[in-house]
Amino acid sequence: MVFVSFVLLQKMLEKQRLITLFSNEEKQMRLVFERILELKGKTLNTLAYDYTYWDEMADFVASGDKTWAAENINTALAAYNANVIWVYGRDNSFIYSINNFKDTDIKELPFTGNGVSGLFASGPLCHFYINTPKGILEIRGASIHPSKDVQRKTPARGYFLAGRLWDKGYIDEIAKLCGCNITVTALSEKKSLPIVSDPEKGIITFSLLLNDWNGHPAFEITGWKESLLIKNFNLGYKNSFFIMTAFLGIFLIIVIVLLAKWVKVPLQLISGALKDENTKCAAALQEERTEFGDIIRIIGSFFEQKHELEKAKLQADAANRAKSDFLANMSHELRTPLNSIIGFSEVLQDQFFGQLNEKQRQYVDNISTSGRHLLGLINDILDLSKVEAGKMDLECDSLLLKKDVLEPALTMLGEKALKHNIHLSLDVEPQADISIVADLKKLKQIMFNLLTNAVKFTPDGGEVKVGVKRLANATLVAPEPGGRRIPDCIEISVKDTGIGIKPEDLSKLFQTFSQIESSYTKTVEGTGLGLALTKKLVELHGGRIWVESEFGKGSKFMFTIPVKL
């Protein structure tokens, strides 16, 4: 592929160079032709220009003196290499003409409509071509004015036109000067040329249109030549391309032979070792101090580690089964007596069997609070273990985020916040007040955990704000790697004015049994499982959770969940 790509690239570059060279040659050829055409027509233009701001010519238009015309106009044909001259009056009347090929058919120009004066509607000079029985005739003309009116601003006294015949000799002369072949054809008689531009053969062609007296294209000049420069370029490219191809072909054969010897055989040994998961077949290769020797030694080490990992996995599976059995037993053995303790403590609190004194009520309240705390700890451990074991499934349904999740969560914490004079607020953007698909119970648990922490670590008189907004095609930013892009999600934030978190303690968040030590946290209860479980439940929904905090000023916990799972 590299070989073919290199060859194709070289061919493309050479073709581009050829096109550039061909284009430059064509432009140069056209430029030379146009310059020669301008020089050849300069004498005819000079004749028409010089003879028309002349008092005697203006007088001749008025008098029609043939003797003066024979002495001054007839002699101009040879002097200016012209073939025919016409003189017309201001009213388009024919006054005089002379030609040197004795053709009476062109005594007068075949004009209709506005006549000769129509040629000068846009200015005092004109230039056009007509077809005659003798061939194509180039005509240049000018309006006649007095000698002092060089700028030709006064009304024209008449019109002077001079023509030159483009016969075969004249065309051959131009072609010789240009160094190319030239043909001139009327557009009405035009036939396709047998020769067209061909960069590969070095043939260059160009064309130029000639206008008639109406300003419409009437004739086409076509020139072509065989460029020696392009032919030599093509020949040199073919020779260099052949040499380059032969060299690359030989180099490719050598590379293939060396690859077969130095690469193919070792790779076959390595492939066999990978298939059999045994490096005995490549024992000789293991002794070599080469890259392939390193590879086979790494493969051998990999197989050893794989067998050790398989043994470790079996042991881990056994330990995991033992843990699951233990948790199942603990769930039954601990929850049953705890429920009894909590239940009987509630009976005592309600004083169904008699009044309790102040000390007794205090003890009973402590029993109930401690029992519920221990039950919550057990439930968190069991839920976390289920998530880590992949045994916790989501029971998703369509629910209203504000009505079904956020408002109930705030209501649950309302009494506790009021007790500590903590203000709770909810701000839901209009586009976020929608129905989403999620597990209602687990989403409530996420919000309850975050709000409980916010209220717990906010001093009395503080504030806790819940904000909700909708993100479209957002990157879920998180402190840990793995942020991904989802098309539509909801971002929920819980911001407090609490104690905040030190930067060095941020890494401890969301870890099991991990609590941040401070003088304030020692006064509140906690197991270190709430945020860890919250993180697992958010990720179970396909979202991410992170925190922004400034020590001493408060924290802002944010998490995202997709609108639809």
Closest heavy-atom pair and its distance - [X], [Y]:
X      : Y      : value
Tyr159 : Ser117 : OH-CB, 3.4 Å
Cys396 : Val437 : CB-CG1, 4.0 Å
Val32  : Cys178 : CG1-CA, 4.4 Å
Arg152 : Ser143 : NH1-O, 2.6 Å
Gly89  : Val61  : CA-CG1, 4.0 Å
Ile561 : Ile436 : CD1-CD1, 3.6 Å

Taking atom [atom1] of [X] and atom [atom2] of [Y], what is their separation to the nearest 0.5 Å?
X      : Y      : atom1 : atom2 : answer
Asn45  : Leu39  : CG    : CG    : 12.0 Å
Leu21  : Gln16  : CG    : CD    : 12.0 Å
Leu119 : His127 : CG    : NE2   : 12.0 Å
Leu210 : Leu208 : CG    : CG    : 6.0 Å
Leu509 : Thr534 : CG    : OG1   : 11.0 Å

When you compare the side chain of [Y] with that of [X], does any pair of heavy atoms fall below 4.5 Å?
X      : Y      : answer
Leu248 : Leu252 : no
Trp546 : Thr560 : yes
Tyr96  : Phe60  : yes
Ile434 : Arg470 : yes
Val494 : Met558 : no
Ile130 : Ile139 : yes
Leu443 : Asp439 : no
Glu491 : Phe559 : no

| Among pairs that include at least one residue of residues 154-171, which meet salt bridge (Lys or Arg N to Asp or Glu O under 4.0 Å), considering only residues two or more places apart or in two chains? |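 Output for this query lists Lys168-Asp172.
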
Can you check whether [Y]'s main-chain N or O pairs, donor with acceptor, with [X]'s side chain at less than 3.5 Å?
X      : Y      : value
Ser301 : Arg297 : no
Asn214 : His216 : no
Asp55  : Ser147 : yes
Asp149 : Thr154 : yes
Asn83  : Leu137 : no
His541 : Leu537 : yes

| said: Apply side-chain hydrogen bond (donor to acceptor under 3.5 Å, both in side chains) to residues Ser207 and Thr222 and explain how you reach the verdict. | reply: CA-CA 4 Å; Ser207 62; Thr222 304; 5.6 Å; no

| request: Taking the six-membered ring of Tyr49 (Phe, Tyr or Trp), confirm whether the NZ or CZ of Arg140 is under 6.0 Å from its centre and within 45° of its axis. | output: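 Negative - Arg140 is either too far from the ring of Tyr49 or too far off its axis.
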
Does atom [atom1] of [X] have more than 12 heavy-atom neighbours from other groups under 6.0 Å away?
X      : atom1 : answer
Phe251 : CZ    : no
Lys225 : NZ    : yes
Arg30  : CZ    : yes

| request: List the steps, then state whether side-chain hydrogen bond (donor to acceptor under 3.5 Å, both in side chains) holds for Asn81 with Tyr170. | output: CA-CA 11 Å; Asn81 194 23; Tyr170 184 76; over 6 Å; no

| request: Sort out for me which residue in Leu259, Leu258, Val257, Ile253 forms a side chain to side chain contact (heavy atoms under 4.5 Å, CB included) with Val255. | output: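 With Val255 as partner, side chain to side chain contact (heavy atoms under 4.5 Å, CB included) holds for just one option, Leu259.
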
Check [Y] with [X], please: is the shortest side-chain N to carboxylate O separation under 4.0 Å?
X      : Y      : result
Asp427 : Lys465 : no
Glu539 : Lys536 : no
Lys442 : Glu395 : no

| task | Kindly determine whether Gln151 and His145 satisfy side-chain hydrogen bond (donor to acceptor under 3.5 Å, both in side chains), including the steps that lead there. | result | CA-CA 9 Å; Gln151 301 298 326; His145 300 267; over 6 Å; no

| Got a sec, which residues hit side-chain contact (heavy atoms from CB on, under 4.5 Å) with Ser23, two or more places apart in sequence or on another chain? |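 side-chain contact (heavy atoms from CB on, under 4.5 Å) list for Ser23, sorted by chain: Lys27.
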
| request: Output, in order, the C-alpha distance, side-chain angles, deciding distance and verdict of side-chain hydrogen bond (donor to acceptor under 3.5 Å, both in side chains) for Glu25 and Ser227. | output: CA-CA 8 Å; Glu25 283 276 293; Ser227 173; 2.9 Å; yes

| side-chain hydrogen bond (donor to acceptor under 3.5 Å, both in side chains) pairs, two or more places apart, involving residues 57-72 | Glu56-Trp68

| request: Please assess Ile136 against Phe219 for the test side chain to side chain contact (heavy atoms under 4.5 Å, CB included), listing each intermediate value before the final yes or no. | output: CA-CA 9 Å; Ile136 297 173; Phe219 307 96; 3.5 Å; yes

| request: Kindly state whether the ring of Tyr129 and the ring of Trp166 have centres lying under 6.0 angstrom apart. | output: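 Yes.
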
